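A short worksheet on the structure shown next.
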Amino acid sequence: MDLDDFDKPSQVAARPSRFVPRSSKAKPKPKSEPVVKQEPPKPVTEPEPEKPELKPKPEELDALIAEKEEEEGTDGAPKNEDSNGGLKMETDEEPKEDDPMEEDDVEDTIVREIDVFFNPHIDDNSQLYVLQYPLRPWWRPYELENRCEEVRLKPATSEMEIDLSLNLDPKNYDEDCGNRLKMTKQTLYTTWKPTRTTGTGYAVGVLMGDKLHLNPIDKVVQLRPSLEHLKSGSSRRKNSVTGDAEVKVKLEESRQETSSGPSKKQSWVPLQYHSSESDFSAKYLRRMVGQESSPIQFTMSPYDYVNSLCPRTCKGSSRRFLLSLPLEERIKKLLVEEPLARRFSDLKKYFAPDHTGEELLDVLQKHAQLLLDSGLWVPKTLLLYPSKDMKDRDHVARQTARNYVLNLFRKNTVISNSQLNLPQNHKNHAYESLKILAVSRPSSQDWKLKEQSDKSFKELYPDIFKSQEQNWERMEEKLVNAFKAHTDRGVKNACMTSKPGKSLNSDKGTTKSASDVQIGGRTMSDETRAALPEAIKEVLHEHKVCNFRLICEGLRRLAVRKSSLPKVDPKTKRVIDAAYGVDAPQHELQKVICQVAADIHGLYVLKSSPEHSEHDRLRKVVIDLLCTKGPNAKLKRGEVFEAAKIALERDINTNEYNKVMNDFCVFKGSAWILKSGDGGPN
């Protein structure tokens, strides 16, 4: 339930004034007259609504009454002023829809200067509390001036209770129910204990002319109705202390009560309520105005001060400063200082308003890359991490890791955690880039881009999109070679730790030295042929559906991950052996793949499911249907059930049907289709 819905009076016609306080001065609604027949419109004089009294803005507190009489005048019409110093509202002009971001395009002008004064405390024995009533909107107050009977406070915990007299109006009060529950009053109390730390970080301001006096708030409490009268046998009594009406609550007493430990029960201190218009309240209002005019030593610059009040989300240059730079320098500085994913339309509107789209695209193609699936622009890796010494492995790993992350995002706006199984040094740098571009979703175990996709860019600029697609293909080849080089180093190290004079790539036991190992088009060894099936199963288990290229990439990545394990681990050796199969002739590798997977028009699916092997016969039925119907086959529920009944000689249930279909198919439209198999979105 959203309590903000109560912030305005109800518009329901029935019982319009049931909850409206009697003392409130709401504007009466004109009565609607029934339409008898259509006649020429005549001027109808509506009853002039009763105008609420506007509290005057005093220049001096001692002249409140005099100014009130002066402002009301003879006709009782209040002046056209607001509560912040008499600035007139331009009501005759039509409202204009301005873009907030375009305010920086023109130089700001100072319309008013207000001196700020800080009043550290009212006096030594007073504290400033803010009372909030979350269940009551502003137009429905509790009328404390007429109903408040007692206020109680626990100084140490800041718990508060307020007793109100019952409103015996028959419209709001059930006398029989009140007598049965023995209700004699209504109590408001704090439902949670405020923090005991001194200060809240908030302040109350008193605006007097062009002087704003700030007073720090000690506590903020929320008061809600108590339901103690509904509890059977409740006879709650307060441990009160007697005293005069003006009880001084000192901080020293709070410290003594706190130090006495939990064994001593805190007593309630009675307080007296004073109306905001009383002389007692006016006296404290005067104390909230700083008397001494000692300037505070202000060491912050105006920019730092405003930035501390309204901090920027990214610590970069201001938009005004960026617009003063040439276009290319402006975009470069923006991309380096805030390396986020951005929409082209936003870049054009806010950072290149005086340039054409073609000029901006020329600069972006030099210093940024387009994520194809989302249509967002991100800085090039070389712009953020320029090539220095290529022998610096950590710097190269940082570049490779970021390019790897960007390559995944150009295929899909979501990256699963299973796709981040990288060597440890690459993984750390990959997470650095992910924290800038995406948000982690632990529930689904993935990362999602922060910025919304821009699908319109591909339609508006198809040539740019195609050019960027070619750039990504070259980038992906470099990534494959980079991780392959890392794999080859792991293979070479494994070979060097094997028996002297023996090679893992030997064929029929032929002895070769480690330096004679050659990769590329040679027949795979017996060790590689024996290790490949398990490695291929692991790759297919991760992606469910793979094309030939994705299987090769998966074998390389698998070898990279396992190469960080101890070389004496037999599993590490088998995975490294399997990595050699990528460089064997394609027909040999495909022959091994078909031992464990079914070939569905160039896409491979495991013949047996690791999670649900009991449904392998139904799995074979679905695979056969996809193979029979040709590429881009679509399967209906009915034909799967019918084919399964013939092949299995029984009726299948919905549970096993869903398990098999969801494993390697996706439901699109009204039919099931095979997953893409390229590692991208299905």
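Basis for what follows: all heavy atoms, side chains included, without hydrogens, waters or symmetry-related copies. Remember, it's a predicted structure, so these values are computed and weren't measured experimentally.
Looking at heavy atoms from C-beta onward, Val640 lies out of side-chain contact with Arg637 at the 4.5 angstrom threshold. No side-chain heavy atom of Asp454 sits less than 4.5 Å from a side-chain heavy atom of Trp377. Residues His429 and Tyr385 form no side-chain contact, since every pair of their non-hydrogen atoms from C-beta on lies 4.5 Å or further apart. When side chains are defined from C-beta on, Phe641 does not count as touching Asp651, because their heavy atoms never get closer than 4.5 Å. Contact check for Leu606 versus Arg619: side-chain heavy atoms found under the 4.5 Å cut-off. Residues His615 and Asn655 have side chains not in contact (no heavy-atom distance under 4.5 Å, counting atoms from C-beta outward). Contact check for Leu626 versus Leu635: side-chain heavy atoms found under the 4.5 Å cut-off. Using a 4.5 Å cut-off on side-chain heavy atoms (C-beta onward), Ile593 and Cys546 make no contact.
In terms of heavy atoms, Pro379 sits closest to Leu406 at O-CD1, 4.3 Å. Minimum interatomic distance between Asp446 and Ser416 (heavy atoms only, all atoms of both residues): CB-CA, 3.8 Å. Residues Ile536 and Val592 share a closest heavy-atom pair of CD1-CG1, 4.1 Å. In plain terms, the two heavy atoms of Ser608 and Ser613 that are nearest each other are OG-CB, 4.2 Å. Closest non-hydrogen pair, Val336 versus Pro339, comes out as O-CD, 3.8 Å. Taking all atoms of both residues into account, the shortest heavy-atom contact from His395 to Pro386 is NE2-O, 2.7 Å.
One distance of note links CD of Gln595 with CD of Gln590; it measures 13.0 Å at 0.5 Å rounding. Rounding to the nearest 0.5 Å gives a distance of 10.5 Å between CD of Glu338 and NZ of Lys333. Atoms OG and CD, on Ser324 and Glu329 in that order, are 8.5 Å from each other to the nearest 0.5 Å. Rounding to the nearest 0.5 angstrom, the gap separating the SG atom in Cys665 from the CG atom in Asn658 is 12.0 Å. Interatomic distance, Leu408 CG to Thr413 OG1, rounded to the nearest 0.5 Å: 12.0 Å. Distance CG/Asn662 to NE2/His612: 9.5 Å, rounded to 0.5 Å.
For Glu649, the CD atom is loosely surrounded, since the number of other residues' heavy atoms within 6.0 Å does not exceed 12. By the neighbour-count criterion of 12 heavy atoms within 6.0 Å, atom CG of Asn632 is sparsely surrounded, having that number or fewer from other residues, nucleotides or ligands. Surrounding NZ of Lys478 are at most 12 heavy atoms belonging to other residues, nucleotides or ligands under 6.0 Å away. With a 6.0 Å radius and a threshold of 12 heavy atoms from other residues, nucleotides or ligands, Lys427 has its NZ atom above the threshold. Atom CD of Glu639 has more than 12 neighbouring heavy atoms from other residues, nucleotides or ligands inside a 6.0 Å radius. For Lys455, the NZ atom counts as densely surrounded, since its 6.0 Å shell holds more than 12 non-hydrogen atoms of other residues, nucleotides or ligands. For Lys348, the NZ atom counts as densely surrounded, since its 6.0 Å shell holds more than 12 non-hydrogen atoms of other residues, nucleotides or ligands. No more than 12 heavy atoms of other residues, nucleotides or ligands shown are found within 6.0 angstrom of NZ on Lys620.
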Please report the C-alpha distance between Leu540 and Val605 in whole Å, then the side-chain angles of each, then the deciding distance to 0.1 Å, and finally whether the side chain to side chain contact (heavy atoms under 4.5 Å, CB included) criterion is met. CA-CA 7 Å; Leu540 286 170; Val605 178; over 6 Å; no

Evaluation steps, side-chain hydrogen bond (donor to acceptor under 3.5 Å, both in side chains), between Ser670 and Lys634: CA-CA 9 Å; Ser670 60; Lys634 296 182 179 181; over 6 Å; no

Leu382 vs Gln399, side chain to side chain contact (heavy atoms under 4.5 Å, CB included): CA-CA, chis, key distance, verdict: CA-CA 8 Å; Leu382 289 178; Gln399 292 178 331; 3.6 Å; yes

Is there a side chain to side chain contact (heavy atoms under 4.5 Å, CB included) between Phe344 and Leu370? Walk through the geometry before answering. CA-CA 10 Å; Phe344 175 77; Leu370 178 66; over 6 Å; no

Stepwise, does the side chain to side chain contact (heavy atoms under 4.5 Å, CB included) test hold for Val621 with Ile652? CA-CA 12 Å; Val621 172; Ile652 61 173; over 6 Å; no

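A distance-only check finds no donor-acceptor pair linking the side chain of Trp472 to the backbone of Leu371 [under 3.5 Å]. In this structure, Arg342 contributes its side chain and Leu335 its backbone to no donor-acceptor pair below 3.5 Å. In this structure, Glu588 contributes its side chain and Pro585 its backbone to no donor-acceptor pair below 3.5 Å. A donor-acceptor pair is defined here as one N or O able to donate and one able to accept, closer than 3.5 Å; such a pair exists between the side chain of Arg319 and the backbone of Tyr350. Side-chain atoms of His543 never come within 3.5 Å of backbone atoms of Asp678 as a donor-acceptor pair (strictly under, hydrogens ignored). A donor-acceptor pair under 3.5 Å is formed between the side chain of Arg330 and the backbone N or O of Leu322. Not a single donor-acceptor pair under 3.5 Å links the side chain of His426 to the backbone N or O of Arg398.
The side-chain hydrogen bond (donor to acceptor under 3.5 Å, both in side chains) contacts involving residues 360-370 comprise Glu328-His367, where partners must be two or more places apart or lie in separate chains.
Residues Arg549 and Glu473 are not paired through a salt bridge, judged by the lack of any N-O separation under 4.0 Å between the basic side chain and the carboxylate. Ion pairing of Asp616 with Lys607 is absent here, as no side-chain N (NZ or NE/NH1/NH2) approaches a carboxylate O to less than 4.0 Å. The pair Asp663-Lys659 fails the salt-bridge criterion, with no side-chain N (NZ, NE, NH1 or NH2) lying under 4.0 Å from an Asp/Glu carboxylate O.
Between Tyr657 and Trp672, the ring-plane angle classifies as perpendicular under the 30° and 60° cut-offs. Note: Tyr431 and Trp447 have tilted aromatic rings, judged against thresholds of 30 and 60 degrees for the angle between ring planes.
With hydrogens and angles left out, the side-chain atoms of Ser456 and Arg343 include no donor and acceptor closer than 3.5 Å.
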List the atom pairs, donor and acceptor, that lie under 3.5 Å between side-chain atoms in residues 353-361 and the rest of the protein, sequence neighbours left out.
| unit_1 | atom_1 | unit_2 | atom_2 | d |
| --- | --- | --- | --- | --- |
| His355 | ND1 | Glu359 | OE1 | 3.2 |
| Thr356 | OG1 | Glu359 | N | 3.3 |
| Glu359 | OE1 | Thr356 | N | 3.2 |

Cut-off 3.5 Å, no hydrogens considered: what does the side-chain donor-acceptor table look like for residues 458-467, sequence neighbours left out?
none

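When Leu550, Ile551, Val596 are each tested for a side chain to side chain contact (heavy atoms under 4.5 Å, CB included) with Tyr604, only one passes: Ile551.
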